[in-house]
Amino acid sequence: AFGIFCIIIVLAIVNSFERNIQNEVKSLGSNTIYIDKWDYSGGPDVPLWKFRARPVMKFEEAGMLKERSQLLYDVSFLMQTAGTISHKDDAIQNAGVYGITESQMNIQPIKFDEGRYFSTSEFNAGSNVCLIGFANAESLFGSTSRAVGKPIEIKGKKVTIVGVIKKEGTNFIGWNYDNCIM
């Protein structure tokens with residue numbers, strides 16, 4: 001009886017992991033392609049020097065892809081780095097800083113706990129606005145409801161928070177929306 005119980009528990013855990021992975025892959029969309037210079041399959045035989053030598057995709061190239069393709073619905077460009085974000089005397093080190101384009105919402109929809117996504121005029125004008133992750137908002141302001149409209153500093157630039165991203169945790173691709181700034 002104990003052996004059968006253990007087998008059932010192991011199968012239940014494996015099923016749960018499988019379901020979680022399938023749900024995360026489904027959240028990317030069935031018709032989404034990500035282009036990056038790195039190979040994420042890993043392994044000991046991966047020649048990292050070849051991947052380091054690949055050029056980094058440029059913003060203009062994303063626009064050229066959209067112009068030249070007849071089958072693309074949309075193209076989004078994302079840059080990722082890390083930096084310090086601060087509000088008054090409080091600071092968070094190594095927060096994920098994502099630079100995104102307006103079409104990001106069409107390709108990888110973002111859910112909000114508070115606030116909203118960027119407006120078209122904010123994108124066009126290059127306004128100093130940002131979205132903040134759930135955990136970062138709680139760390140800097142105590143609660144997410146107090147974050148919207150507040151100024152913060154990212155890598156020496158002052159920006160105003162227009163939205164707080166709903167708590168998600170790290171996703172399959174490795175984006176950590178809870179601890180990021182967009």
Side-chain angles (χ1 to χ4, degrees), residues 17 20-21 23-25 27-29 32 34-40 42 48 51-52 54-63 74-182:
F17 283 139
N20 285 341
I21 290 172
N23 287 339
E24 293 222 9
V25 170
S27 75
L28 300 177
T32 304
Y34 290 87
I35 301 172
D36 197 345
K37 80 181 242 177
W38 299 102
D39 177 9
Y40 295 100
L48 291 178
F51 297 114
R52 280 193 202 111
R54 289 180 177 176
V56 176
M57 189 170 182
K58 296 181 180 108
F59 176 74
E60 295 80 22
E61 293 170 331
D74 221 334
V75 173
S76 182
F77 185 79
L78 176 126
M79 289 182 59
Q80 181 177 353
T81 186
T84 300
I85 58 173
S86 61
H87 174 71
K88 297 183 180 177
D89 294 333
D90 298 322
I92 297 172
Q93 305 291 327
N94 294 320
V97 180
Y98 302 140
I100 59 174
T101 58
E102 190 173 9
S103 57
Q104 178 71 24
M105 196 68 156
N106 299 335
I107 293 174
Q108 186 71 41
I110 300 167
K111 295 178 183 130
F112 293 94
D113 189 63
E114 299 284 336
R116 59 174 173 83
Y117 192 60
F118 306 116
S119 69
T120 301
S121 62
E122 288 168 336
F123 268 108
N124 292 340
S127 299
N128 290 337
V129 293
C130 73
L131 307 176
I132 188 169
F134 189 91
N136 286 344
E138 282 193 331
S139 293
L140 291 176
F141 303 103
S143 74
T144 58
S145 60
R146 296 176 57 206
V148 176
K150 297 284 191 319
I152 60 172
E153 195 169 299
I154 305 169
K155 298 179 122 187
K157 281 196 158 198
K158 291 189 185 235
V159 295
T160 301
I161 299 168
V162 295
V164 178
I165 302 168
K166 191 172 186 172
K167 187 173 186 167
E168 282 190 17
T170 303
N171 69 14
F172 183 66
I173 295 179
W175 296 340
N176 187 349
Y177 286 150
D178 293 346
N179 294 303
C180 81
I181 295 291
M182 292 187 172

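Keep in mind the model is a prediction, meaning the values are calculated, not measured.
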Criterion side-chain contact (heavy atoms from CB on, under 4.5 Å) on Asn136 and Asn179, from CA distance to verdict: CA-CA 5 Å; Asn136 286 344; Asn179 294 303; 3.7 Å; yes
Just verifying a value: how many Å separate [X] [atom1] and [Y] [atom2], rounded to the nearest 0.5 Å?
| X | Y | atom1 | atom2 | result |
| --- | --- | --- | --- | --- |
| Leu131 | Glu114 | CG | CD | 13.0 Å |
| Cys180 | Ile110 | SG | CD1 | 7.5 Å |
| Asp113 | Lys166 | CG | NZ | 7.5 Å |
| Ile181 | Thr81 | CD1 | OG1 | 13.0 Å |
| Thr160 | Ile152 | OG1 | CD1 | 9.0 Å |
| Gln108 | Leu78 | CD | CG | 10.0 Å |

Please find the pair of heavy atoms, one from [X] and one from [Y], that lie closest to each other, and give the distance.
| X | Y | value |
| --- | --- | --- |
| Asp74 | Ser103 | OD1-CB, 3.3 Å |
| Val97 | Gly83 | CG2-N, 3.9 Å |
| Ser139 | Ile92 | CB-CD1, 3.7 Å |
| Ala137 | Ile132 | N-CD1, 3.8 Å |
| Thr101 | Phe59 | CG2-CE1, 3.4 Å |
| Ala147 | Phe141 | CB-CD1, 3.5 Å |

Salt bridge Arg116-Glu122, side-chain N to carboxylate O under 4.0 Å: yes
Partner set under side chain to side chain contact (heavy atoms under 4.5 Å, CB included) for Ser121, not counting sequence neighbours: Ser119
Full working for side-chain contact (heavy atoms from CB on, under 4.5 Å) between Thr120 and Glu102: CA-CA 7 Å; Thr120 301; Glu102 190 173 9; 2.7 Å; yes
Between Ser76 and Gln104: side-chain donor-acceptor atoms closer than 3.5 Å: yes
Plane angle bin for Tyr98 and Tyr177 - parallel if under 30°, tilted between 30 and 60°, otherwise perpendicular: perpendicular
Whether Tyr117 and Phe112 hold their rings parallel, tilted or perpendicular, with breakpoints at 30° and 60°: tilted
Heavy-atom donor-acceptor pair, Asp178 side chain to Glu168 backbone, under 3.5 Å: yes
His87 (side chain) donor-acceptor with Pro151 (main chain) under 3.5 angstrom: yes
Ile165/Met182 under side-chain contact (heavy atoms from CB on, under 4.5 Å): CA gap, chis, key distance, verdict: CA-CA 10 Å; Ile165 302 168; Met182 292 187 172; 4.2 Å; yes
Over 12 foreign heavy atoms within 6.0 Å of CE, Met105: yes
NZ/Lys167: more than 12 non-hydrogen atoms of other groups inside 6.0 Å: no
